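Keep in mind it's a predicted model, so treat the numbers as computed, not measured. Residue numbers begin at 1 in each chain, while the letters A, B, ... track the order of the sequences.
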Amino acid sequence: MTPILTIEGLTKSFGSNRILRGVDFEVFPSDVVAIIGASGSGKTTLLRCIDLLEEFEAGEIRLDGEELGYRTAPGGRRVRLPGRQLARQRAKIAMVFQSYNLFPHLTALGNVMIGLTRVQHRPKAEARAIAETWLDRVGLAERRNHHPSALSGGQQQRVAIARALAMEPRLLLLDEVTSALDPELVQEVLLTIRRLAEAGTTMLIVTHEMRFARQVSTRTVFMDQGAIVEQGPPEAIFGAPKTRRLAEFLTNVSH
Amino acid sequence: MQSFLSVLELSWGLLLRGLGLTIAISAAAVLAGAAVGTLIGPVLTYGGRIASFPFRVFVDVVRGTPVLVLILASYYMPAGFGIGLGPIEAGVLALSVFCASHVGETLRGALIAIPPTQLDAGRSIGLTFPKMLFFVLLPQALRQIAPNFVNTAVEIVKASSLLSAIGVGELLLTTQEIVGRTFMTMEFYALAGALYLAVNLTIGAGGWWVERRFRAQ
């Protein structure tokens, strides 16, 4: 099987602070990869680099074989791609954020449609039909004409998931999508993600919900200090950690 | 001795023309100023130091200059470069420039206030920057500055009375001419004041209606 996403030697710093130190990583079709680790371990930065929201100094990210974000100029110099190319590549990867980031001036339907009409240039009627289907799938068909301010956090996050998936991305990135939610709203979002996983959506999930990571992922990755320390099937990662750092982390989060 | 009403009967046509000119000049200046200001705001915000520099200078100079000085400059300075502007053209130019700098600056403030997470969301979907500006950033920022824009429009209407200084026959100059002939100072200045108030209350009501519609969303 050929991977959808390949990452090699990904290195990223903010100033003198090394956030990612040579991350190597592959994602195959229908993989549901849960990325766990302490705050500051580089999980979110990894997702942001993949979605080209951050620049990185070294390494390579490839989506279906195409290098993302950079090209190699004659002479071997690495050059960031121009805005239009970045936009074209970003459209193939979708991301859902911790704070939903819906567009407040658009309705739920408008939020899901904007990428379909403005990026994929679909006719309005077709875009509307697709958007309605996705809002229905996340259980928000009746709320389609509400603005984000009239929706609960959980509903907003489900709209954000619909907005991401309506674009039919090759890969869905979920960045701590339940962290900003009130506890009673977490389950509805997790249930939505679980259904997507069962439907074969390829996903990278950064999460602090360990139980959820264990149940939903086909592979769990443990990151610490900007590097992948251990990865494998969730039963192995959670049940039989091989490294001390992972064992300590799991002990800490279980309290 | 003439009565106020009999003078009004003879001069209401003149007054209406003056009022019409006030409204037309103000409307032209507000529209042109809003259009130019909507271009200036994004350049000030996202243009980087080099591209935004000339606009920064323009906005600061205009905002730091009394409107009357802008009007006199628009009327007398182009003649120095061999461009003849009539008083009405010069007046519209001065008020448009005034309006553009205000709209540009308040729009910059509103654009800066949009959380960067909105840019992340737009980028993530695959919007190019121009599309993001047009469909995500400007719609939010323009809603935000709507109340401020109503204020600017009211300021423009009031400032248009200064055009009497360069001989534009707008409401104030017309009133002054009628007062000059009839010496009914109180009556006609009060009437002019009432007319300005009526125009500005109408603008205010329009702004209130637009704002209420935004808030309903």
Checklist entry - Which bit of A:M167 is near chain B, if near means a heavy-atom gap under 4.5 Å: side chain, backbone, both or neither? => result side chain

Next on the checklist: Heavy-atom pairs under 4.5 Å with chain B: which of A:L52, A:L53, A:L102 has the most?
Outcome noted: A:L53

Next on the checklist: Strictly distance-based, threshold 3.5 Å: is any side-chain N or O of A:E66 a donor or acceptor partner for the main-chain N or O of A:R62?
Outcome noted: no

Next on the checklist: Can you tell me which portion of B:F129 sits under 4.5 Å from chain A's heavy atoms? Options are side chain, backbone, both or neither.
Outcome noted: neither

Checklist entry - chain B: which of A:L86, A:T107, A:L106, A:N101 shares the most heavy-atom pairs with it under 4.5 Å? => result A:N101

Checklist outcome for this item: So, the part of A:F97 with a heavy atom under 4.5 Å from chain B: the answer is side chain

Checklist outcome for this item: Of all heavy-atom pairs linking B:R56 and B:R108, the shortest is NH1-NE, 3.5 Å

Next on the checklist: Strictly distance-based, threshold 3.5 Å: is any side-chain N or O of A:Q89 a donor or acceptor partner for the main-chain N or O of A:E67?
Outcome noted: yes

Checklist entry - Measuring from A:E26:CD to A:L5:CG, what's the distance to the nearest 0.5 Å? => result 9.0 Å

Checklist entry - Under 3.5 Å, is there a donor-acceptor pair between the side chain of A:S30 and the main chain of A:G200? => result yes

Next on the checklist: Tell me which of these, A:G83, A:P169, A:A87, A:A94, has more heavy-atom pairs under 4.5 Å with chain B than the rest.
Outcome noted: A:A87

Checklist entry - Counting only N and O atoms by type, is there a donor-acceptor contact under 3.5 Å from the side chain of B:E211 to the main-chain atoms of B:A146? => result no

Checklist outcome for this item: Counting heavy-atom pairs under 4.5 Å with chain A, the top scorer among B:P139, B:S124, B:A121 is B:S124

